[in-house]
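Everything numeric here is computed off the predicted structure, so don't read it as measured data.
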Amino acid sequence: MRTCYTGLVCADQLQEVVSLFGWVHRRRDHGGVIFIDLRDREGLAQVVCDPDRPEMFAAAERVRNEFCLRIKGLVRRRPEGTENVALRSGEIEILCHELEILNASVTPPFQLDDENLSETTRLTHRVLDLRRPAMQNNLMLRYKVAMAVRRFLDAEGFIDIETPMLTKSTPEGARDYLVPSRVHAGEFFALPQSPQLFKQLLMVSGFDRYYQITKCFRDEDLRADRQPEFTQIDCETSFLGEQEIRDLFETMIRVVFEQAIDVRLPHPFPVISYQEAMRRFGSDKPDLRVKLEFTELTDVMKDVAFKVFSDAAQQSDGRVIALRVPAGATISRSEIDTYTQFVSIYGARGLAWIKVNDLSKGREGLQSPIVKNLNDAAIEALLSRSQAADGDILFFGADKAKVVNDAMGALRVKIGHSDFAKANQLFEEAWRPLWVVDFPMFEYDEPSQRWSACHHPFTAPKDGHEDYLASDPGRALAKAYDMVLNGWEIGGGSVRIHREAVQSKVFRALQIDAEEAAAKFGFLLDALQYGAPPHGGIAFGLDRIVTMMSGAESIRDVIAFPKTQRAQCLLTDAPSAVDEKQLRELHIRLRSNAL
């Protein structure tokens with residue numbers, strides 16, 4: 001029987017005999033005395049094996065890294081000067097009386113304390129990778145976060161209800177993972193991108209406070225903060241308005257951060273509109289730690305001789321902005337060229353710049369190849385609006401608004417996270433949450449020549465915006481809200497449409513006729529007819545939250561068995577081929593070029 005976890009043995013147990021289990025992290029032979037660092041999920045403890053117990057010592061001599069052991073021994077204080085303050089057990093050691101090798105280990109493919117392992121190696125040998133203290137800590141933190149969420153929601157009257165994993169394919173913004181049906185030839189289930197429709201059905205059913213920590217699936221291109229399967233803290237509630245929902249879940253996140261990592265987030269979170277976020281930062285998930293903002297110049301650049309600026313300013317969907325970087329005149333030309341190449345990734349065709357050497361000299365104090373093509377009024381406006389000072393640099397974006405926002409928004413973050421920015425106090429090491437609200441209901445899709453829902457077609461319009469659904473859909477704003485933290489969207493939701501008349505208007509704006517609506521969403525539309533209550537909710541990305549808390553570089557570091565960026569599991573070699581018999585049972589035939 002284990003006395004306690006190995007990593008939790010401490011000075012409170014001095015002179016006690018304890019039984020411990022774990023794995024050999026390190027074995028050291030010091031001239032006849034063998035030291036074993038025994039490890040379990042709670043940490044390390046030092047075990048001392050003296051040769052005066054021959055049977056035990058013989059077993060200790062056979063021990064190697066990653067052997068699984070049981071040891072029994074006396075807790076004693078370490079000799080003065082050998083304490084390890086980094087460990088909970090650092091004041092003590094265990095004088096081994098008994099040592100049993102429960103299972104030997106082959107030589108591991110890597111040392112568990114190697115910090116330079118490739119991700120391919122780690123994911124291929126994920127079982128061993130998960131033994132590393134950093135990964136153990138990450139998954140323990142994930143557990144603490146999930147439990148803090150459950151405690152909070154339980155106290156607020158929320159009920160944990162499961163929803164189906166095999167469901168109907170509905171348009172939700174990404175490709176579905178499809179599951180062929182053996183019983184119904186030629187038909188498919190879809191794995192849920194979210195429990196969105198089912199949680200609305202639960203509101204109609206009278207379960208007015210629902211939550212679920214659940215898997216969601218999206219077949220989309222991957223990056224550091226995405227996985228084909230991810231975990232969502234999914235919540236829905238009835239009879240609360242937009243502000244009440246935000247207040248409730250802001251409190252939840254504040255409580256979770258305090259309980260899980262002892263961090264007290266600002267109170268209250270700042271709130272900005274989607275339009276303001278795009279105007280100031282070019283992003284709907286701005287990183288407020290970066291102290292750089294856009295300066296709007298579209299209106300003063302329509303008549304300048306520099307065609308890059310004037311052409312963009314004259315377009316109906318064009319935009320011209322400046323990004324002022326204080327003290328940035330020291331940025332070298334090679335660094336500017338690197339930034340120019342960087343913004344090209346986002347569609348920018350170049351990166352104009354002006355260095356402010358001496359404001360008192362007017363245009364003569366400015367250094368840039370574009371200054372000669374700007375009139376005095378434009379120069380005065382850009383210097384005044386940006387509040388430029390001697391030693392600054394101004395970077396410019398001029399193109400369609402989307403290109404400008406994407407490219408310059410990314411440049412703002414890149415510069416803001418650089419060593420230069422940190423040295424010049426342009427970046428603040430802090431937790432900076434905010435709400436982004438009042439998102440557009442729709443965005444216009446040029447290829448299809450129709451409007452599409454920015455969130456999903458069941459998001460309610462802002463009060464007074466229902467009439468825009470028919471006359472001017474692009475003007476309609478939604479009761480939608482995102483919670484953003486340090487440049488990551490960690491949660492998002494909306495108030496839902498609960499009245500059929502409004503839902504019909506939204507479908508008409510999306511050019512979804514009654515037949516198509518019934519085919520895709522008939523089960524929800526039918527349910528809404530039975531006294532559906534006002535309702536709304538939010539979903540948080542558990543993986544993202546834990547990634548941020550742990551300081552990990554990728555959400556793969558907080559998921560036990562993740563996929564690679566190519567949506568593969570290197571541990572199990574999934575996805576993989578299946579045999580012909582299985583395909584025939586599913587009524588599937590593969591083309592030869594797919595094999």
Side-chain angles (χ1 to χ4, degrees), residues 163-182 184-200 212 214-232 234 284-285 402 406 439 442-459 480 482 488-489 491-494 506-507 510-512 516-517 519-524 539-544 554-556 559 561-570 572-578 582-583 586-591 593-595:
T163 54
M165 283 290 146
L166 296 176
T167 183
K168 180 183 178 67
S169 179
T170 57
E172 294 193 45
R175 286 183 293 271
D176 286 326
Y177 275 100
L178 299 177
V179 180
S181 170
R182 178 184 61 82
H184 302 281
E187 297 184 352
F188 295 80
F189 294 105
L191 300 180
Q193 294 186 32
S194 77
Q196 178 61 49
L197 301 182
F198 286 104
K199 66 183 180 182
Q200 291 191 247
Q212 188 181 185
T214 184
K215 285 288 188 185
C216 301
F217 306 85
R218 294 180 187 175
D219 186 6
E220 58 186 353
D221 295 333
L222 306 182
R223 57 186 187 223
D225 61 346
R226 285 184 180 172
Q227 281 277 290
E229 52 180 323
F230 57 95
T231 303
Q232 191 165 283
D234 197 56
D284 60 1
K285 47 181 183 293
K402 185 180 187 314
D406 289 349
F439 284 81
F442 310 104
E443 57 187 355
Y444 194 72
D445 182 56
E446 291 288 351
S448 65
Q449 299 286 294
R450 61 191 292 178
W451 294 98
S452 61
C454 287
H455 191 47
H456 57 65
F458 307 103
T459 301
D482 282 355
W488 283 35
E489 177 199 331
S494 66
V506 171
F507 282 155
L510 296 171
Q511 298 181 35
I512 296 175
E516 182 182 0
K520 292 180 177 178
F521 313 111
F523 60 96
L524 176 63
F540 293 94
L542 176 63
D543 311 300
R544 290 186 181 185
S554 163
I555 64 172
R556 292 188 288 278
I559 298 172
F561 302 105
K563 307 295 188 293
T564 67
Q565 286 194 329
R566 298 186 62 197
Q568 294 174 300
C569 175
L570 299 182
T572 62
D573 194 27
S576 59
V578 297
Q582 289 175 286
L583 293 176
L586 296 171
H587 319 286
I588 290 175
R589 177 183 299 160
L590 298 180
R591 293 195 183 104
N593 62 2
L595 295 176

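The number of heavy atoms from other shown groups lying within 6.0 Å of CZ (R450) is above 12.
For S576, the side-chain hydrogen bond (donor to acceptor under 3.5 Å, both in side chains) test picks out no residue, with sequence neighbours left out. With sequence neighbours excluded, the residues forming a side-chain hydrogen bond (donor to acceptor under 3.5 Å, both in side chains) with D445 are S448, listed by chain and number. In this view, A574 and C569, T572 satisfy the side-chain contact (heavy atoms from CB on, under 4.5 Å) rule, not counting sequence neighbours. The ring-ring contact (aromatic ring centres under 6.0 Å, His included) check on Y444 picks up W451, with sequence neighbours excluded. For E187, the side-chain contact (heavy atoms from CB on, under 4.5 Å) partners two or more places apart in sequence, or in a different chain, are H184. Among residues two or more places apart in sequence or in another chain, the ring-ring contact (aromatic ring centres under 6.0 Å, His included) test is passed with F540 by none. Listed by chain and residue number, D406 satisfy the salt bridge (Lys or Arg N to Asp or Glu O under 4.0 Å) test with K402 (two or more places apart in sequence, or in another chain). Contacts of E443 classified as side-chain hydrogen bond (donor to acceptor under 3.5 Å, both in side chains), with partners at least two apart in sequence or in another chain: none. Under the rule for a side-chain contact (heavy atoms from CB on, under 4.5 Å), the partners of L166 that lie at least two apart in sequence or sit in another chain are V179, F189, L191. Residues that satisfy the salt bridge (Lys or Arg N to Asp or Glu O under 4.0 Å) test with E229, not counting sequence neighbours, are K563. For the side-chain hydrogen bond (donor to acceptor under 3.5 Å, both in side chains) test, residues two or more places apart in sequence or in another chain that qualify with Q232 are D234. Taking T167 as the reference, P192, F198 meet the side-chain contact (heavy atoms from CB on, under 4.5 Å) condition, with sequence neighbours excluded.
At a threshold of 4.5 Å between non-hydrogen side-chain atoms, the residues R218 and P228 do not count as touching. Taking the side chain as every heavy atom from C-beta outward, E489 and R544 approach each other to under 4.5 Å. Residues F458 and Q200 meet the side-chain proximity criterion, which asks for heavy atoms closer than 4.5 Å. Side-chain contact between F230 and I555 is absent, with no heavy-atom pair separated by less than 4.5 Å. When side chains are defined from C-beta on, Q227 does not count as touching D543, because their heavy atoms never get closer than 4.5 Å. Between V506 and F442, some side-chain heavy-atom pair lies under the 4.5 Å cut-off.
Between the CZ atom of R556 and the CZ atom of R226 there is a distance of 13.0 Å, given to the nearest 0.5 Å. Of the inter-residue distances, the one linking M165 atom CE with C216 atom SG reads 7.0 Å to the nearest 0.5 angstrom. Rounded to the nearest 0.5 angstrom, L178 CG and D219 CG are separated by 8.5 Å. The CD atom of Q449 lies 9.5 Å from the CD atom of Q511; values are rounded to the nearest 0.5 Å. Atom-to-atom distance recorded for D482:CG and H455:NE2 is 7.5 Å, nearest 0.5 angstrom.
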- prompt: After noting the C-alpha distance and the side-chain angles of H456 and S494, does the key distance pass the side-chain contact (heavy atoms from CB on, under 4.5 Å) rule?
  reply: CA-CA 9 Å; H456 57 65; S494 66; 4.1 Å; yes
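Contact between L510 and P457 at its shortest, heavy atoms only, is CD1-CB, 3.7 Å. The two residues P195 and T214 have their closest heavy-atom pair at CG-CG2, 3.8 Å. The shortest non-hydrogen separation linking A517 to I512 is N-CG2, 3.6 Å. Residues K199 and Q196 approach most closely at CG-O, 3.2 Å, considering heavy atoms.
Between F521 and F507, the angle of the ring planes stays under 30°, which puts this pair in the parallel group of the 30/60° scheme.
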